[in-house]
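These numbers come from a predicted model, not from an experiment.
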Amino acid sequence: MRASQYFLATLKEAPQEAELPSHKLMLRGGLIRKLGSGLYSWLPLGMRVLHKVERIVREEMDRAGALEVIMPPVQPAELWQETGRWSLYGPMMLRIKDRAEREFCYAPTAEEVITDIARKELRSYRQLPVNFYQIQTKFRDEIRPRFGVLRAREFSMKDAYSFDADEPGMLRSYQRMFDAYVRIFTRLGLKFRPVAADTGEIGGLASHEFQVLADSGEDLIAYSDASDYAANVEQAEALAPAAPRAAASESLAKDPTPGTATCEGVAKLWGLPLQRTVKAILLYANHRVHMLLIRGDHTLNEVKVGKVPGLKGWRWANEDEILAAADGPAGYLGPIGLDRAKITVIADRTVAAMSDFVCGANAKDFHMRGANWGRDCPEPDLVADIRNVVAGDPSPDGKGTLAIVRGIEVGHVFALGRRYSEAMQATFTAEDGTQKPFEMGCYGIGVTRIVGAAIEQNHDERGIIWPDPMAPFTVAVIPLGYHKSEAVKAAAESLYAELAGAGVEVLLDDRNERPGVMLADQELVGIPHRLVIGERGLKEGAVEYQHRRDAAATKVPLAGAAAHVRERLAP
RNA sequence: CGGGGUGUAGCGCAGCCUGGUAGCGCACUUGCUUUGGGAGCAAGUUGUCGGGGGUUCGAAUCCCUCCACCCCGACCA
């Protein structure tokens, strides 16, 4: 491709709406333009990247035996009503009506449609297993779209759905997809981790997220420093402390803490480590107020809370409920002196093992110190894992210690089971002649999100640094004085022809621009390899090669330049 | 949905407080010069000042209202 014939829409300054590096660079590099909140147009350069990603995804899906289909993005409400998701999906789903006032949605996902296809087309176990996938635009009306393409409302997703005759078969399909995902993200040149994820309300059998590691990620991932264990923080189990509770050594004291309603404040006031404090969080579930206790430096895990027996469907307690059940105002609450007939005390595993701790006194401007279970108040009604793990916690698999990193979720595999097939009566005739519902799995990859995530992981102050497999062009040929010097022009043209002839995606910058402009554009747009041709070098028969990550250029003979570059390309 | 912020040329911004012919840089067009890191000179082009309403002789500027976009948060006592 010749730059003079192409469309490079680079910007010197990033539009003010962009905050993250990837968002700024995609705008500045001319990959995308914003149409509205969470809505982006993809310009030619961005499309080249997107196509690279799609191609790798397709190749690996095909290799894994999945079959490509395409389903309409606009889907009738009836199908969604069959599974109950027409109401469950809520405002996240964009609903539209046709001229006859029939209701449709713009698909946020396609389980219903694919299950409809399966129930109509798949009749016998002999046709199983089968896996259908599509790469298609989805729409989710996110609460807060942000970070450009990383959390857009409209986005491209590869979604695949497997159908098996039984559960072991489904788990094999699941594993096949898992393996395909590992290959895809590896081929894309990304640093990623598959992590165990919450299976959520659906209660599926297995679920893994594929997280691209990046500081700007919205997800927190806990991983072991000594094993393969990795899980979303929402999911990672916080083990009970190994050491048993120490014996009480202090006596209980109620001391004033005027105007100090937080654990941090009390710890500071009394000169104690935050780890000695316990905070109380009140919530309401099953017609009853519950006091949850976690250590002052820990945070509550709402997903885990929902799984505690008796807390399903919980909500935060309101002010009146707090006063009625605990006799004290928020900020000064604790387990001591409570009427357990009015309130249930649920302690985190860590808290249950604490002694001589600090907690609220259930009276405004007072806290307790030297508090001990059994002696000063009854043991907790229930001990449960209700907190988020923190760095330094032991790994749940018993090997090593947890560390926490941020990630961007780019893929998710899910062993679904019969949730959709049963709801939609999607059955096949089994070997024994009976009708059985399909065992399903679903598998998503955020194709457009991958592009943003890759930039988050691969950029510097000058611009993007594409991994070769995603680069819009792999090599830039930059002649200095193309329009001035016949020698430069001839060398550039022959290099361009040689590389293009060898199947290398090369961009020849034949624009009549100054060197600084061409170099800055190449760096901004992230073309990983470049050859600079100037009269100066040509006098000694040399051109300059520089990888986007190299600190300096290296001279190579003109005759061997194309070969030199090709040796450096990713296979 | 709650809170905060921003809307002025394609992009980045000033002007608003204190009302009086809409500006700067970049980009774009033409010409000349320049050509190893985002050129120089000259001459140009580009605006419903987010929309609507009000106050005023006069509104980008003051008031009301709506909208869009961005950020933080969404009950962690």
Side-chain angles (χ1 to χ4, degrees), chain A residues 8-20 23-24 27-30 33-39 90-91 141-148 151 153 218 260-266 277-284 289 291-305 314-319 321-323 325-326 328-334 348 359-360 362 364 367 386-388 462-463 478-485 488 509 511-525 530 532-539 542-544 546 552-553 555:
Chain A
L8 287 177
T10 54
L11 263 26
K12 273 193 189 174
E13 288 171 289
Q16 45 95 277
E17 79 230 21
E19 191 100 330
L20 283 197
H23 190 190
K24 284 184 180 162
L27 256 6
R28 283 191 56 207
R33 288 292 183 257
K34 187 178 75 170
L35 216 215
S37 179
L39 303 172
D141 202 353
E142 295 281 349
I143 297 176
R144 182 143 92 89
R146 60 186 131 175
F147 309 145
R151 184 171 292 283
R153 295 195 292 175
E218 291 186 277
T260 310
T262 62
C263 285
E264 288 80 5
V266 174
T277 66
V278 168
K279 68 179 153 197
I281 298 156
L282 268 62
L283 45 86
Y284 185 89
V289 176
M291 176 180 282
L292 304 196
L293 296 166
I294 56 174
R295 205 170 72 183
D297 59 320
H298 287 155
T299 56
L300 193 71
N301 181 314
E302 298 180 24
V303 176
K304 289 179 179 178
V305 170
W314 64 276
R315 61 166 173 78
W316 304 106
N318 63 39
E319 213 169 309
E321 289 162 350
I322 292 174
L323 286 172
Y332 302 93
L333 298 174
D348 181 64
C359 61
N362 298 319
K364 184 162 170 55
H367 279 78
I386 52 172
R387 70 172 173 94
N388 288 315
R462 296 182 170 203
I478 301 183
L480 308 177
Y482 180 92
H483 297 264
K484 270 285 174 91
S485 157
V488 167
D509 202 338
R511 296 175 297 171
N512 193 9
E513 288 289 355
R514 300 170 65 82
V517 173
M518 295 189 284
L519 296 171
D521 274 348
Q522 175 265 137
E523 286 163 341
L524 170 60
V525 148
R530 87 174 174 207
V532 174
I533 302 160
E535 271 197 306
R536 221 159 62 189
L538 283 183
K539 282 191 182 128
V543 299
E544 289 162 26
Q546 186 170 0
K555 277 187 190 169

*Asks:* Using whole Å, report how far CD of Glu19(A) lies from P of U6(B).
*Replies:*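 About 15 Å, once rounded to whole Å.
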*Asks:* To the nearest Å, how far apart are Glu142(A) CD and C70(B) C1'?
*Replies:*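 One finds 16 Å between C1' of C70(B) and CD of Glu142(A), rounded.
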*Asks:* Taking U65(B) as the reference, what is the distance to C24(B) when you measure between their P atoms (whole Å, please)?
*Replies:*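 It works out to 35 Å between them.
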*Asks:* Is the phosphate of A39(B) approached by Arg514(A) (side-chain N or O, under 4.0 Å from OP1 or OP2)?
*Replies:*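 Indeed, a polar side-chain atom of Arg514(A) lies that close.
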*Asks:* Within less than 4.0 Å of OP1 or OP2 of A77(B), is there a side-chain N or O belonging to Thr262(A)?
*Replies:*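 Thr262(A) to A77(B) OP1/OP2: no side-chain N or O under 4.0 Å.
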*Asks:* Does Asp509(A) reach the main-chain N or O of Ile478(A) with its side chain, forming a donor-acceptor pair under 3.5 Å?
*Replies:*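 Here the side-chain-to-backbone pair does not exist.
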*Asks:* Under 4.0 Å, heavy atoms only, any strand: does Gln16(A) hit a base, just the sugar-phosphate, or nothing?
*Replies:*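 Sugar-phosphate only.
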*Asks:* Between the base of G37(B) and the side chain of Arg530(A), is there a donor and acceptor pair under 3.5 angstrom?
*Replies:*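 Indeed, a donor on one side and an acceptor on the other fall under 3.5 Å apart.
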*Asks:* I'd like to know if Glu535(A) reaches the base of G36(B) with its side chain, counting only an N/O donor and acceptor under 3.5 Å.
*Replies:*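 Result: no qualifying N/O pair found.
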*Asks:* Which value, rounded to the nearest 0.5 Å, describes the distance between Thr10(A) atom OG1 and Gln522(A) atom CD?
*Replies:*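 Between Thr10(A) OG1 and Gln522(A) CD, I get 12.0 Å after rounding to 0.5 Å.
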*Asks:* Arg462(A) near the nucleic acid: base, sugar-phosphate alone, or nothing, with a heavy-atom cut-off under 4.0 Å?
*Replies:*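 Answer is base: heavy atoms of Arg462(A) come under 4.0 Å of a base.
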*Asks:* I'd like the P distance from A14(B) over to A9(B), given in whole Å.
*Replies:*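 So the two P atoms sit 12 Å from each other.
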*Asks:* C28(B) pairs with which nucleotide, Watson-Crick or G-U wobble, both distances below 3.5 Å?
*Replies:*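 Partner of C28(B): G44(B).
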*Asks:* Quick check for you: to the nearest 0.5 Å, what is the distance between Lys304(A) atom NZ and Leu292(A) atom CG?
*Replies:*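 Here the interatomic distance stands at 13.0 Å.
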*Asks:* Whether the side chain of Arg387(A) engages the backbone of Asn301(A) through a donor-acceptor N/O pair (distance < 3.5 Å, no angle test) should be reported.
*Replies:*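 Absent.
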*Asks:* So what does Gly360(A) touch, heavy atoms closer than 4.0 Å: a base, only the sugar-phosphate, or nothing?
*Replies:*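 The answer is nothing, as Gly360(A) stays clear of every strand by at least 4.0 Å.
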*Asks:* Does Phe147(A) or Ala520(A) map to a spot on RNA chain B nearer the 5' end, using the closest nucleotide for each?
*Replies:*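 By nearest-heavy-atom nucleotide position, the 5'-most residue is Ala520(A).
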*Asks:* Which base, if any, makes a Watson-Crick or G-U wobble pair with A59(B), both distances under 3.5 Å?
*Replies:*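 Its partner: none found.
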*Asks:* Looking only at side-chain atoms of Lys484(A), point me to the closest of G36(B), C76(B), U35(B).
*Replies:*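 The answer is U35(B).
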*Asks:* Mind checking Arg144(A) for me? I need base, sugar-phosphate or nothing, with any heavy atom below 4.0 Å counting as a touch.
*Replies:*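 Touches a base.
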*Asks:* Between A68(B) and U30(B), how many Å separate the two C1' atoms, rounded to a whole number?
*Replies:*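 Rounded to whole Å, the distance is 38 Å.
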*Asks:* Within this structure, what is the CD-to-P distance between Glu513(A) and G38(B), rounded to whole angstrom?
*Replies:*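 Those two atoms, CD and P, are 12 Å apart.
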*Asks:* Categorize Leu292(A) for me: base, sugar-phosphate, or nothing, with a 4.0 angstrom heavy-atom threshold over every strand shown.
*Replies:*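 The answer is nothing, as Leu292(A) stays clear of every strand by at least 4.0 Å.
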*Asks:* Rounded to whole Å, how long is the line connecting atom OH of Tyr482(A) with atom C1' of G36(B)?
*Replies:*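 After rounding, the reported distance stands at 18 Å.
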*Asks:* Do Asp521(A) and Glu513(A) touch side chain to side chain, with heavy atoms closer than 4.5 Å?
*Replies:*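 With C-beta onward as the side chain, the pair stays apart.
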*Asks:* Please name the nucleotide paired to A39(B) by Watson-Crick or G-U wobble geometry with both distances under 3.5 Å, or report none.
*Replies:*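 By the stated definition (distances under 3.5 Å), U33(B) pairs with A39(B).
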*Asks:* Does Ala280(A) reach a base, just sugar-phosphate, or nothing at all? Heavy atoms under 4.0 Å.
*Replies:*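 Touches a base.
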*Asks:* With rounding to the closest Å, how many angstrom separate the C1' atoms on G47(B) and G15(B)?
*Replies:*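 These two C1' atoms come out 15 Å apart once rounded.
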*Asks:* Which of these nucleotides, G36(B), G37(B), G12(B), is closest to any side-chain atom of Leu480(A)?
*Replies:*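 That would be G36(B).
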*Asks:* Tell me what Gly534(A) touches on the nucleic acid: a base, only sugar-phosphate, or nothing, going by heavy atoms under 4.0 Å.
*Replies:*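 Base contact - Gly534(A) has a heavy atom under 4.0 Å of at least one base atom.
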*Asks:* Give a yes or no on whether a salt bridge exists between Arg146(A) and Glu19(A), defined as a side-chain N under 4.0 angstrom from a carboxylate O.
*Replies:*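 No, this pair does not count.
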*Asks:* Side chain of Ile322(A): nearest nucleotide among C11(B), G38(B), A77(B)?
*Replies:*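 Closest of the options to the side chain of Ile322(A): A77(B).
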*Asks:* Roughly, in whole Å, what's the span from CG in Leu35(A) to P in C70(B)?
*Replies:*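 That distance rounds to 12 Å.
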*Asks:* Closest-nucleotide mapping onto RNA chain B: is Glu13(A) or Leu282(A) further toward the 5' terminus? I mean the 5' end.
*Replies:*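 That would be Glu13(A).
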*Asks:* Looking only at atom P, what distance separates U61(B) and G53(B), rounded to whole Å?
*Replies:*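 So the two P atoms sit 14 Å from each other.
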*Asks:* What is the distance from CD of Glu302(A) to C1' of G73(B), rounded to the nearest Å?
*Replies:*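 So the two atoms are 13 Å apart, to the nearest Å.
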*Asks:* Between C69(B), C71(B), C26(B), which one does the side chain of Lys12(A) approach most closely?
*Replies:*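 So the nucleotide nearest the side chain must be C26(B).
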*Asks:* Looking only at atom C1', what distance separates C13(B) and A22(B), rounded to whole Å?
*Replies:*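 That atom pair is separated by 14 Å.
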*Asks:* How many whole angstroms separate atom NZ of Lys34(A) from atom P of G50(B)?
*Replies:*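 The distance from NZ of Lys34(A) to P of G50(B) comes to 16 Å, rounded to the nearest Å.
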*Asks:* Could you tell me whether the side chain of Met291(A) reaches within less than 4.5 Å of the side chain of Leu282(A), counting heavy atoms only?
*Replies:*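 A side-chain contact exists here, since the closest heavy-atom pair is under 4.5 Å.
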*Asks:* Could you state the atom-to-atom distance from CD1 of Ile143(A) to P of C75(B) in whole Å?
*Replies:*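 Those two atoms, CD1 and P, are 10 Å apart.
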*Asks:* Quote, to the nearest angstrom, the C1' distance that separates A59(B) from G19(B).
*Replies:*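 Roughly 6 Å separates the two C1' atoms.
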*Asks:* When you measure from the side chain of Trp316(A), which nucleotide among G37(B), C11(B), C76(B) comes out closest?
*Replies:*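 Closest of the options to the side chain of Trp316(A): C76(B).
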*Asks:* Any N or O donor-acceptor pair under 3.5 Å from the base of G37(B) to the side chain of Glu523(A)?
*Replies:*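 Yes, the side chain and the base share a sub-3.5 Å donor-acceptor pair.
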*Asks:* Counting C-beta onward and ignoring hydrogens, is there a side-chain heavy-atom pair between Asn388(A) and Leu300(A) closer than 4.5 Å?
*Replies:*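 No, their side chains stay 4.5 Å or more apart.
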*Asks:* Given the P atoms of C64(B) and A27(B), what is the spacing between them in whole Å?
*Replies:*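 Here C64(B) and A27(B) have their P atoms 41 Å from each other.
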*Asks:* Base, sugar-phosphate, or nothing: which does Leu300(A) touch, judged by heavy atoms less than 4.0 Å apart?
*Replies:*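 Base, at least one base atom sits under 4.0 Å.
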*Asks:* Taking a pair as Watson-Crick or G-U wobble with both distances under 3.5 Å, which nucleotide is matched to C69(B)?
*Replies:*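 G5(B) is the nucleotide pairing with C69(B).
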*Asks:* Within less than 4.0 Å of OP1 or OP2 of C11(B), is there a side-chain N or O belonging to Arg28(A)?
*Replies:*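 So the side chain of Arg28(A) is outside the cut-off, no N or O lying under 4.0 Å from OP1 or OP2 of C11(B).
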*Asks:* Got Leu480(A) and Met518(A) here, is their nearest side-chain heavy-atom distance under 4.5 Å?
*Replies:*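 Yes. Closest side-chain heavy atoms under 4.5 Å.
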